[in-house]
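Okay, so here's the structure we're looking at.
Being a predicted model, the structure only gives us computed values, none of them experimental. Values below: all heavy atoms of this structure, side chains included; hydrogens, waters and symmetry mates excluded. Lettering follows sequence order; numbering is per chain, from 1.
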Amino acid sequence: MGIQGLLPTLKSIMHPRHAQEYAGKRAAIDTYSWLHKAVLSCSRDLCHGRHNDKYIDYCMRRVQMLRYYGVQPVLVFDGGSLPMKSDQEIKRARSRKENLERALEYERLGNHSAAYECYQRAVDITPAIAFRLIQVLRQENVQYVVAPYEADAQLVFLALNRHVDFVITEDSDLIVYGCPQIFFKMDKHGQGVGFQISDITANKDIDLSDFTKQMILEMCIMSGCDYLPSLPGIGVKRSHGLIKRFRTYQKALKHLEAKGVLIDPQYEQGFHRAILTFRHHRVYDPVKKEMVHLTGVPSELDTNLDFLGPHLPQTTATAIARGEVDPTTFESFQDFSSSGRLVADSNATVQNGVSNKKVGFSAKKNLPAINSSRTHQHHRSGSRPCFQLSDLKAALVSFLISWGLVCILLACNPQVESLV
DNA sequence: GGCTAGTACTCAA
DNA sequence: GTACTAGCC
């Protein structure tokens, strides 16, 4: 759900941007935010378990648009859900079920437009739906990675470690996770609004000039987030005022208690957990090819981190990241059966790092989730490997081929022109 | 003024 | 996931 009311309070530092302004850069994409809209055009079929490519077309058009403007996309998918979010998941599942029942009823009564609306609310973005898109990404040589848990944390990991230059999303949580550069609300033409953490000191609505990263995090959690509901009557403005005055959430809570506000004893512990969840979320490191924390866990931290979700063995984490196994069931994804429906083979599971023979997607098996050689090329940190001459040649050849293709397409296909 | 809760919206023929 | 807004404190 993100942080309610956060984006409007940061309006003064949100600037209209176009995808072409990010030419030459690499973007990590919150694919869920695309899929969420993309499935609307074919929700009825998806609710009935029938395949419909429209949502794939939606995503691929955006991929092509970004590539056209010189932006290299890396699509990031959500993985398993966290125990802390299970209540929310149950509520959403119940709401989808109710909407599906309503849709079927409206359809029986012949009210197709009402049924259609309910189908849109009933459609669930399953790992199988994501997997269909991943198959196309593989064919089109588009880089992707499936996060072990929340995509948000994975997106920020890629940005903080310079695997990408910025993130494309609709979700305000990216700011809470500390993402340095975000492109919000990008439409099909490539228009959206840009956000840079370095501008935060210039914000007008709420003064964040002396706020540290930690204070922004605490302000956001206090105003209510996915991992902790806010105290009654506390939104962004009041939590900002409290953190500005008291600097830490502990002191702010003490002040509220002194004023007679009743605070559940569990609340402070929940606050601490929420902080740790944002800071140390489990993500996949495409270079180390293993699960790591978004930011390193200090050795003195003796808290049990089980609420971050279990640590998965390297083979499992890699199979998930590559989209070879379902991140929620660990079952292997199989190709489509003759009926055109996606089936997961229940006999092919990865458990405790011991992979069954069947695990692994047969086609283009050796294509990594994020091609590590490419990833290395784009490293700008101290650990950046040497840039090889063969890489330069390959890059030059692929650049010339790409531009040749663009020119041919422009000459033959008026649809490409419409992207401009 | 700020928060809450409700509604509407995202696609695209 | 978002934005907008009526109604409440």
Side-chain angles (χ1 to χ4, degrees), chain A residues 1-11 14 29-47 52-62 65 76-78 81 85 88-89 91-93 95-96 99 102-103 112-125 129-130 133 147 150-153 155-156 167-177 179 182-189 191-193 195 204-207 219-220 222-227 229-244 256 259-261 415 418:
Chain A
M1 216 166 61
I3 308 298
Q4 279 206 345
L6 179 63
L7 296 185
T9 59
L10 299 174
K11 209 176 161 186
M14 296 283 189
I29 289 138
D30 181 4
T31 312
Y32 179 84
S33 68
W34 281 6
L35 284 173
H36 187 63
K37 286 182 261 191
V39 295
L40 293 178
S41 59
C42 49
S43 49
R44 186 173 178 273
D45 278 345
L46 296 176
C47 283
N52 187 324
D53 263 344
K54 275 187 181 172
Y55 75 90
I56 293 173
D57 294 343
Y58 176 101
C59 295
M60 293 313 290
R61 273 199 297 272
R62 290 189 177 213
M65 184 268 291
V76 178
F77 294 84
D78 275 291
S81 58
K85 272 189 159 181
Q88 226 176 87
E89 298 287 336
K91 270 187 203 164
R92 282 180 185 168
S95 160
R96 282 195 299 268
N99 276 295
R102 267 183 232 143
H112 296 289
S113 63
Y116 197 67
E117 259 180 52
C118 292
Y119 277 127
Q120 291 189 331
R121 286 174 197 165
V123 66
D124 182 22
I125 297 162
I129 287 176
L133 175 59
E150 301 279 305
D152 298 3
L155 291 158
V156 178
V167 170
I168 297 176
T169 185
E170 315 279 317
D171 188 351
S172 57
D173 268 346
L174 270 286
I175 295 174
V176 193
Y177 277 105
C179 189
I182 311 170
F183 190 28
F184 284 108
K185 300 171 192 141
M186 188 193 73
D187 67 14
K188 62 181 172 185
H189 306 293
Q191 268 156 346
V193 285
F195 166 88
K204 293 209 172 86
D205 189 354
I206 53 172
D207 174 21
M219 176 191 86
C220 291
M222 192 174 273
S223 72
C225 66
D226 285 351
Y227 309 120
S230 70
L231 295 168
I234 304 283
V236 172
K237 300 285 171 82
R238 286 184 187 146
S239 60
H240 167 256
L242 287 163
I243 296 296
K244 189 170 176 59
L256 290 175
K259 271 181 65 183
V261 177
Q415 278 185 331
S418 70

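Looking only at distances, no side-chain donor or acceptor of Ser172(A) sits under 3.5 Å from a matching main-chain atom of Leu7(A). Of the possible donor and acceptor atoms, one in the side chain of Thr31(A) sits under 3.5 Å from a partner among the backbone N and O of Val76(A). No donor-acceptor pair closer than 3.5 Å links the side chain of Arg61(A) to the backbone N or O of Lys188(A).
Rounded to whole angstrom, the span from the CG atom of Asn52(A) across to the C1' atom of dA13(B) amounts to 13 Å. One atom, CG of Leu35(A), and another, P of dC11(B), lie 13 Å apart when rounded to the nearest Å. For the pair Arg121(A) CZ and dC11(B) C1', the interatomic distance rounds to 15 Å; values are reported in whole Å. dT4(B) atom C1' lies 9 Å from atom CD of Gln4(A), rounded to whole Å. In this structure, the NZ atom of Lys188(A) is 9 Å from the P atom of dA13(B), given to the nearest Å. Rounded to whole Å, atom P of dT10(B) lies 17 Å from atom CE of Met186(A). Between Tyr116(A) atom OH and dA13(B) atom C1' there is a gap of 9 Å when expressed in whole angstrom units. Distance, Met219(A) CE to dG2(B) P: 13 Å, rounded to whole Å.
Comparing Ser33(A) and Lys54(A) by the nucleotide of DNA chain B that holds the closest heavy atom to each, the one mapping nearer the 5' end is Ser33(A).
Closest to the Lys85(A) side chain, of the nucleotides dG1(C), dT2(C), dA12(B), is dG1(C). Residue Arg238(A) has its side chain nearest to dG2(B) when only dC11(B), dT2(C), dG2(B) are considered.
In this structure, Lys85(A) pairs ionically with Asp226(A), as a charged nitrogen and a carboxylate oxygen lie closer than 4.0 Å.
To the nearest 0.5 angstrom, Lys237(A) atom NZ is 10.5 Å from Met219(A) atom CE.
Within the 4.0 angstrom heavy-atom criterion, base atoms lie near Gln120(A). Nucleic acid contact class of Arg92(A) (heavy atoms, under 4.0 Å, all strands): sugar-phosphate only. Residue-level contact check: Phe184(A) touches neither bases nor backbone, having no heavy atom under 4.0 Å from any strand. In this structure, Val236(A) reaches the sugar-phosphate backbone alone: every heavy-atom distance under 4.0 Å involves primed, P, OP1 or OP2 atoms, never a base.
Phosphate proximity of dT2(C) to Ser172(A): present, with a side-chain N or O under 4.0 Å from OP1 or OP2. At least one side-chain nitrogen or oxygen of Lys237(A) sits closer than 4.0 Å to the OP1 or OP2 atom of dG2(B). A close approach under 4.0 Å does not occur between any side-chain nitrogen or oxygen of Lys37(A) and OP1 or OP2 of dT2(C). The phosphate of dA12(B) (OP1 or OP2) has a side-chain N or O of Arg61(A) nearer than 4.0 angstrom.
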